[in-house]
Amino acid sequence: MTRNPIALAILVAATLVGIGARPAYAVEGSVIEGGVGLWAPLLPELTEVGGASDSGDSVGTLLELSGHHRFDGYLTSVEAGVEYGVTNSVEMFGYEFLLRDTWSFKIGELSAGTGFSQMEWDRDWGHRKITNDYTGAKIRGGWETTFGRQPIWIDLTLGIYDFDGTYDDGVNSETVSEVTTTWGLDVKADCDLFRIPMRFVGGIDYLNDMTTWDAGQIGTDDAVALSGSIEFRLW
């Protein structure tokens, strides 16, 4: 049931994009964008001795601020972004700095780049607190093209992180550390609705490792985060 609002938001936003299908703005020069949308982290189940458990699924709000500058006459662009997601039990803050090169072909523009990324996921379960810290590198590849008059962006990302997880309930305090990877897919489409330029973004992120607590034992398991948001050009 927690996934239904995300599916509805994606369907509504996709319909709006179709209604206003004409180019709003292209990614070039200097751009600063802000976004707001729905966010659904689907995290590992937590269990305690005695049967208490938490499914890990919740729905909340995602806020994003990003910008880039592509130098005139050069392939390279500088990109930076900050995102904050929150639900009734999960809070996430992340930021990144990337350098990306872009090449133009008949099928559109292909791009690839890499840089630094850090995320922290905090999860509350009653009096228990679970913290997940990811610090490392992010690799991103993208494709920008136009279907008819509709600009489309597809971004694929790979994160390679040093991962540190902590469980603390006031009595037990356990930690786990390892190298882990994440994967992400974002699909973006411009539209101009009610004469307001905006961009719909649908995304999915897969995390190979996130802290778990299973009947008194700390460990890791995979997690997924779904998102659907609208971006506005601020500058």
Side-chain angles (χ1 to χ4, degrees), residues 2-3 6 10 33 35 37-46 54-68 78-87 89-101 110-124 129-143 153-167 175-188 201-214 218-229 231:
T2 57
R3 304 186 193 190
I6 291 295
I10 292 175
E33 297 163 335
L38 291 176
W39 182 59
L42 312 177
L43 307 187
E45 182 179 12
L46 304 175
D54 180 79
S55 69
D57 297 353
S58 57
V59 175
T61 302
L62 180 67
L63 302 175
E64 299 175 299
L65 181 66
S66 62
H68 83 270
V78 178
E79 304 179 2
V82 177
E83 61 179 356
Y84 174 73
V86 62
T87 74
S89 60
V90 181
E91 186 176 20
M92 181 274 296
F93 177 77
Y95 62 92
E96 62 184 26
F97 301 95
L98 306 175
L99 291 176
R100 175 150 46 164
D101 284 354
L110 298 177
S111 62
T114 186
F116 176 79
S117 172
Q118 185 169 18
M119 300 184 295
E120 183 168 307
W121 295 63
D122 293 332
R123 181 177 176 185
D124 293 324
K129 186 175 182 63
I130 300 93
T131 300
N132 303 271
D133 184 77
Y134 302 82
T135 302
K138 181 173 283 189
I139 301 169
R140 176 171 292 149
W143 177 40
W153 285 262
I154 299 175
D155 273 345
L156 293 169
T157 59
L158 166 65
I160 304 173
Y161 294 101
D162 283 329
F163 167 75
D164 294 302
T166 302
Y167 171 89
T175 62
V176 60
S177 299
E178 56 190 71
V179 175
T180 190
T181 56
T182 66
W183 303 85
L185 170 66
D186 289 323
V187 179
K188 308 178 183 182
V201 183
I204 179 170
D205 292 292
Y206 175 81
L207 299 87
N208 275 337
D209 294 287
M210 182 163 284
T211 305
T212 63
W213 185 255
D214 184 11
I218 194 170
T220 65
D221 201 352
D222 58 352
V224 174
L226 307 176
S227 62
S229 62
E231 286 186 351

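- Counting heavy atoms from C-beta on, the side chains of N132 and M119 never come closer than 4.5 Å.
- No hydrogens or angles considered: nothing links the side chains of D162 and T135 as a donor-acceptor pair under 3.5 Å.
- The two residues G184 and D205 come nearest to each other via the heavy atoms CA-OD1, 3.5 Å.
- Taking the six-membered ring where the residue is Trp, the centroids of F93 and Y84 are separated by 6.0 Å or more.
- Taking all atoms of both residues into account, the shortest heavy-atom contact from V90 to S58 is CG2-OG, 4.0 Å.
- With contacts defined as side-chain heavy-atom distances shorter than 4.5 Å, the pair I204/V224 qualifies.
- Between I218 and G165 the shortest heavy-atom distance is CD1-O, 4.3 Å.
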Practice task
Begin from the C-alpha positions of T166 and T211 and carry the test side-chain contact (heavy atoms from CB on, under 4.5 Å) through to its verdict.
Solution key: CA-CA 7 Å; T166 302; T211 305; over 6 Å; no

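- The closest side-chain heavy-atom distance from V78 to L99 is below 4.5 Å.
- Taking CG of L156 as the reference point, atom CG of L158 lies at 10.0 Å (rounded to 0.5 Å).
- Heavy-atom minimum distance, T212 versus P44: CG2-CB, 3.4 Å.
- The line from OG1 of T181 to CG of D222 is 10.5 Å long, rounded to the nearest 0.5 Å.
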From CA spacing to verdict: side-chain contact (heavy atoms from CB on, under 4.5 Å), V59, W39 | CA-CA 6 Å; V59 175; W39 182 59; over 6 Å; no

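- Using bins of under 30°, 30° to 60° and over 60° for the plane-to-plane angle, the ring pair F163/Y134 lands in the tilted bin.
- At least one donor-acceptor pair under 3.5 Å links the side chain of T114 to the backbone N or O of K138.
- Annotation: the span from T131 atom OG1 to Y167 atom OH amounts to 12.0 Å, rounded to 0.5 Å.
- R123 is not listed as a side-chain neighbour of M210, based on a closest heavy-atom distance of 4.5 Å or more.
- Using a 4.5 Å heavy-atom threshold, the side chains of R100 and H68 count as separate.
- Of the candidates R140, E79, E83, E96 forms a side-chain contact (heavy atoms from CB on, under 4.5 Å) with just one, namely R140.
- W121 is listed as a side-chain neighbour of L43, based on a closest heavy-atom distance under 4.5 Å.
- The closest side-chain heavy-atom distance from E64 to V201 is not below 4.5 Å.
- Taking CG of L65 as the reference point, atom CD of E33 lies at 9.5 Å (rounded to 0.5 Å).
- Smallest separation of non-hydrogen atoms from S117 and Y161: OG-OH, 2.8 Å.
- By the 4.5 Å heavy-atom criterion applied to side chains, Q118 and D133 are counted as neighbours.
- Closest approach of G142 to D155, counting heavy atoms only: CA-OD1, 3.3 Å.
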Please report the C-alpha distance between Y206 and T182 in whole Å, then the side-chain angles of each, then the deciding distance to 0.1 Å, and finally whether the side-chain contact (heavy atoms from CB on, under 4.5 Å) criterion is met. CA-CA 6 Å; Y206 175 81; T182 66; over 6 Å; no

